[in-house]
Amino acid sequence: MRKSIAPLPKASTISPTAVGWLDLQAIASAEISSEDPLHPFENALQGEGGWRAADPGPQVIRLNFDAPQFVRRIRLEFREEHKERAQEFALFATSSANQRQEIVRQQWTFSPGGSAIEVEDYSVDLPAILSLELEIDPGRHDKSAMATLESISVA
């Protein structure tokens with residue numbers, strides 16, 4: 001039997017620029033179903049306090065790229081430190097052939113003092129993407145819940 005010891009990878013210390021994160025503010029426009037003026041979407045792009053909806057219930061954030069993009073990685077971070085709630089989100093991509101495909105659908109239960117942060121990091125192979133759409137249902141059984149997005153990064 002041939003075998004070798006393969007060390008576990010260490011936690012990433014690579015800077016965001018080394019990963020090749022796209023400058024979404026420079027190459028895309030955003031369509032947002034609602035926005036709290038104190039927590040604008042730009043905060044989620046910069047990792048500075050995140051975005052928050054102005055209205056309760058399901059929300060949509062759509063990033064429309066100025067030119068088709070090859071997307072290899074999508075990282076989303078959600079945070080809820082104040083209220084227990086069950087959230088579902090779905091992420092979609094629309095290609096230059098106008099084909100809309102679901103990338104992922106995920107459910108998560110936030111529990112302040114327990115699991116207050118959800119981080120999802122997806123490796124994808126999406127050539128010629130014109131838009132990414134994030135649908136958030138912040139309270140699957142609580143229509144008064146407010147949607148939040150701590151950060152979004154795309155490479």
Side-chain angles (χ1 to χ4, degrees), residues 11-95 98-124 126 129-155:
S12 177
T13 57
I14 301 172
S15 71
T17 53
V19 171
W21 296 116
L22 300 175
D23 182 354
L24 297 174
Q25 291 188 78
I27 66 167
S29 61
E31 295 176 25
I32 304 164
S33 54
S34 78
E35 179 176 78
D36 179 336
L38 298 177
H39 300 278
F41 181 66
E42 291 83 355
N43 287 358
L45 297 174
Q46 300 163 355
E48 297 176 1
W51 165 84
R52 182 177 170 94
D55 302 315
Q59 302 294 323
V60 175
I61 298 171
R62 184 177 302 111
L63 293 172
N64 296 308
F65 297 109
D66 298 336
Q69 298 294 315
F70 188 100
V71 176
R72 298 174 318 280
R73 187 174 168 195
I74 302 168
R75 184 183 184 281
L76 303 169
E77 181 179 337
F78 301 92
R79 184 181 304 256
E80 177 59 72
E81 298 173 338
H82 305 292
K83 180 180 180 181
E84 185 166 317
R85 63 182 173 92
Q87 169 178 285
E88 178 175 291
F89 75 85
L91 187 61
F92 300 87
T94 302
S95 70
N98 281 330
Q99 292 181 314
R100 184 176 188 251
Q101 74 179 62
E102 184 173 305
I103 299 167
V104 66
R105 183 173 297 271
Q106 177 77 35
Q107 294 180 9
W108 181 267
T109 300
F110 292 99
S111 179
S115 56
I117 300 171
E118 174 188 11
V119 177
E120 302 292 342
D121 199 333
Y122 302 105
S123 292
V124 295
L126 302 169
I129 295 303
L130 292 178
S131 70
L132 286 174
E133 183 174 310
L134 178 62
E135 295 179 356
I136 305 170
D137 184 349
R140 295 187 57 238
H141 308 292
D142 177 3
K143 298 307 173 193
S144 67
M146 302 295 279
T148 62
L149 176 64
E150 189 68 19
S151 69
I152 180 171
S153 301
V154 178

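This is a predicted model, so every value here is computed, not measured.
- At distances below 3.5 Å, not a single donor-acceptor pair connects side-chain atoms of Thr94 with backbone N or O atoms of Leu130.
- Residues Glu118 and Trp108 approach most closely at OE1-CB, 3.3 Å, considering heavy atoms.
- Note: Glu135 CD to Phe89 CZ = 11.5 Å, rounded to the nearest 0.5 Å.
- From Ile152, atom CD1 reaches atom CD of Gln46 across 13.5 Å, with rounding to the nearest 0.5 Å.
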Next on the checklist: Let's go through Ile136 and Trp51 carefully: what are the C-alpha distance in whole Å and the side-chain angles of both, what is the deciding distance for side chain to side chain contact (heavy atoms under 4.5 Å, CB included) to 0.1 Å, and is it a yes or a no?
Outcome noted: CA-CA 12 Å; Ile136 305 170; Trp51 165 84; 4.0 Å; yes

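- Using a distance-only test at 3.5 Å, with no hydrogens or angles considered, a donor-acceptor pair links the side chain of Ser33 to the main chain of Val60.
- Once rounded to the nearest 0.5 Å, the distance linking OG of Ser29 with CG of Leu24 reads 11.0 Å.
- The one candidate from Arg79, Lys83, Arg85 that meets the salt bridge (charged side-chain N to carboxylate O under 4.0 Å, His left out) condition with Glu81 is Arg79.
- For Gln59 (side chain) and Gly57 (main-chain N/O), a donor-acceptor pair under 3.5 Å exists by modelled atom type.
- To the nearest 0.5 angstrom, His39 atom NE2 is 13.0 Å from Glu48 atom CD.
- Of all non-hydrogen atoms in Ala145 and Pro138, the two that sit nearest each other are O-CG, 3.4 Å.
- Side-chain contact between Gln87 and Glu80 is absent, with no heavy-atom pair separated by less than 4.5 Å.
- Nearest heavy-atom pair across Ser131 and Arg62 is CB-CG, 4.3 Å.
- Here the closest non-hydrogen pair linking Ala93 and Ile103 is CB-CD1, 3.7 Å.
- For the atom pair Leu45 CG and Ser151 OG, the distance stands at 9.5 Å (nearest 0.5 Å).
- Rounding to the nearest 0.5 Å gives a distance of 11.5 Å between CG of Asn64 and CD1 of Ile27.
- Put simply, the side chain of Lys143 does not reach to within 4.5 Å of the side chain of Pro56, judged on heavy atoms.
- Residues Gln106 and Leu91 have side chains not in contact (no heavy-atom distance under 4.5 Å, counting atoms from C-beta outward).
- Closest heavy-atom contact between Ala54 and Ser34: N-OG, 3.1 Å.
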Checklist entry - Between Val104 and Ile74, does a side chain to side chain contact (heavy atoms under 4.5 Å, CB included) hold up when you go through it step by step? => result CA-CA 11 Å; Val104 66; Ile74 302 168; over 6 Å; no

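- A donor-acceptor pair is defined here as one N or O able to donate and one able to accept, closer than 3.5 Å; no such pair exists between the side chain of Gln25 and the backbone of Glu42.
- Side-chain atoms of Thr109 and Glu84 include no donor-acceptor pair closer than 3.5 Å.
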Item to check | Full working for side chain to side chain contact (heavy atoms under 4.5 Å, CB included) between Leu63 and Phe41 | outcome: CA-CA 11 Å; Leu63 293 172; Phe41 181 66; 3.7 Å; yes

Checklist entry - Can Phe78 and Leu149 be said to form a side chain to side chain contact (heavy atoms under 4.5 Å, CB included), step by step? => result CA-CA 5 Å; Phe78 301 92; Leu149 176 64; 3.6 Å; yes

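- Looking at every heavy atom in both residues, Asp36 comes nearest to Leu38 through OD1-N, 2.8 Å.
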